[in-house]
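Hydrogens, waters and symmetry mates are skipped; everything else that's a heavy atom, side chains included, is used.
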Amino acid sequence: MKRFALAAALVAVAACSEGGDPVQMALRDASAARQAAAVKEGSTRAPAAPVAGRDTTGDAAYVAGMIEHHRAAVKMAVDALARSDDPEIRRLAQAEIDKRTREITELQSWKPAA
């Protein structure tokens, strides 16, 4: 935690010299740190291997994997909306939710060729 605070302070100081808003840059850095922590904790891990007995053709495996991948993206975006006050992060998160939700619906409607 001390490392993060130090890093955030250094970024804020560096941002001042670059002409950016140090608060906004620190919030973006904090968001990036949370994302990195989520990846490290495994909340964005790859989908599990297909369950035995399911259709495991390449197409079906791709569709199943993409649905799980998009669900993880939606979860991360929902978490970002809950935690961030940054309007740009919130806009990006909502756009991600909207896009990935549409794609999940499209993927779910896919039917393998008979």
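No more than 12 heavy atoms of other residues, nucleotides or ligands lie within 6.0 Å of CD in Glu106, so this atom counts as exposed by the packing criterion.
In this structure, CG on Asp86 lies 10.5 Å from CZ on Arg91, to the nearest 0.5 angstrom.
With sequence neighbours left out, the side chain to side chain donor-acceptor pair (under 3.5 Å) criterion links Glu103 to His70, Arg100. Listed by chain and residue number, Glu68 satisfy the salt bridge (charged side-chain N to carboxylate O under 4.0 Å, His left out) test with Arg71 (two or more places apart in sequence, or in another chain).
When each of Arg90, Glu88, Glu96, Gln94 is tested with Leu92 by the rule side chain to side chain contact (heavy atoms under 4.5 Å, CB included), just one qualifies, namely Glu88.
Between the side chain of Thr101 and the backbone N or O of Asp98 there is no donor-acceptor pair closer than 3.5 Å.
Counting all heavy atoms, side chain and backbone alike, Ile97 lies closest to Val78 at CD1-CG2, 3.7 Å. In terms of heavy-atom proximity, Ala93 sits nearest to Ala80 at CB-CB, 4.1 Å.
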